[in-house]
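This one's a predicted model, so the numbers in the text were calculated from it and none came from an experiment.
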Amino acid sequence: MVRFKNRYVLCEVLSEDPRCRQCIEDRAVGLAVRDAIARAHGDYGLGCCCVSFTVKYLNAYTGTVLLRCRKDFQRLLSSALPLVRHLEGRGQRFPCALRTLHVGGTIRTCQKFLIQYNRRQLLLLLQNCTNEEERRSVRQAVLSCSLTEEQAQSGEEEEEDGTETD
């Protein structure tokens with residue numbers, strides 16, 4: 001059995017249009033990223049990156065996307081992400097950009113990073129609150145930031161996602 005190591009790239013969808021986040025789907029993100037890879041690196045880059053490329057997680061509400069690719073070709077993927085300029089969803093084309101937040105070896109490390117990142121963003125919001133009710137709701141959100149998934153379940157998921165046979 002041959003084991004291929006993967007990398008998980010955690011990205012954020014940046015868009016001025018708030019409708020963009022509600023309309024995006026994992027298929028549309030995958031197609032946009034593949035198109036960007038083809039434009040940046042041609043057929044060679046597309047062939048290398050698309051061997052195990054998948055959109056593992058998409059949260060349309062927060063605009064968080066988790067992409068998986070082989071470890072050897074992670075730099076090709078990362079270099080093509082800034083070339084994504086729009087996403088198509090429900091027959092519409094929305095201008096947007098993908099910002100890389102973190103590159104990790106497992107889904108769990110990306111989850112941990114995302115929790116810390118969201119906590120920092122909430123603390124920044126807390127500093128900008130204007131009244132006490134806003135402060136209270138942001139404090140509650142900061143306290144609720146935790147990883148609730150059990151260790152055993154996530155360990156099984158990482159093993160399934162982290163190995164491939166050839």
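- Shown here are the side chain to side chain contact (heavy atoms under 4.5 Å, CB included) partners of S137, two or more places apart in sequence or in another chain: there are none.
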L124 and Q121: CA distance, side-chain angles, deciding distance, side chain to side chain contact (heavy atoms under 4.5 Å, CB included) verdict
CA-CA 5 Å; L124 288 174; Q121 295 300 319; 4.2 Å; yes
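- For the pair A40 and A80, the tightest heavy-atom approach, listed with the atom from each and the gap, is CB-CB, 4.2 Å.
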Can you list the steps and then say if T109 with K112 is a side chain to side chain contact (heavy atoms under 4.5 Å, CB included)?
CA-CA 5 Å; T109 59; K112 288 179 181 180; 5.6 Å; no
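- Listed by first and then second residue, the salt bridge (Lys or Arg N to Asp or Glu O under 4.0 Å) pairs that reach into residues 27-40 are D35-R39, sequence neighbours excluded.
- With values rounded to the nearest 0.5 angstrom, R135 atom CZ is found 11.5 Å from L125 atom CG.
- With hydrogens and angles disregarded, no donor-acceptor distance shorter than 3.5 Å links the side chain of R75 to the backbone of D72.
- Atom SG of C11 and atom NE2 of H102 lie 11.5 Å apart (nearest 0.5 Å).
- Grouping Ile, Leu, Val, Met, Phe, Trp and Tyr by side-chain contacts under 4.5 Å, direct or through others, puts I37 with V9, V13, I24, V29, V33, L46, F53, V55, L58, V65, L67, L77, L81, V84, L87, L98, V103.
- Residues passing the side chain to side chain contact (heavy atoms under 4.5 Å, CB included) test with Y57 are N59, T64, L66, sequence neighbours excluded.
- Atom-to-atom distance recorded for R7:CZ and C110:SG is 10.0 Å, nearest 0.5 angstrom.
- Under the 4.5 Å side-chain heavy-atom criterion for Ile, Leu, Val, Met, Phe, Trp and Tyr, L10 and L76 are members of distinct hydrophobic clusters.
- Atom OG1 of residue T54 and atom CG of residue D26 lie 9.5 Å apart, to the nearest 0.5 angstrom.
- Among residues at least two apart or in separate chains, salt bridge (Lys or Arg N to Asp or Glu O under 4.0 Å) pairs with a member in residues 121-133 are E132-R139.
- Rounding to the nearest 0.5 Å places CZ of F73 at 4.0 Å from SG of C48.
- The salt bridge (Lys or Arg N to Asp or Glu O under 4.0 Å) contacts involving residues 91-104 comprise E12-R99, E88-R93, where partners must be two or more places apart or lie in separate chains.
- Considering all non-hydrogen atoms of both residues, I107 and Y8 come closest at CG1-CE2, 3.6 Å.
- The CD atom of Q74 lies 11.5 Å from the CG atom of N6; values are rounded to the nearest 0.5 Å.
- In the displayed structure, D43 atom CG is contacted under 6.0 Å by at most 12 heavy atoms of other residues, nucleotides or ligands.
- Heavy atoms only, all atoms of each residue included: C23 and F94 are closest at CB-CE1, 3.6 Å.
- Proximity of R68 to S52: side-chain heavy atoms (C-beta onward) are separated by under 4.5 Å at one or more points.
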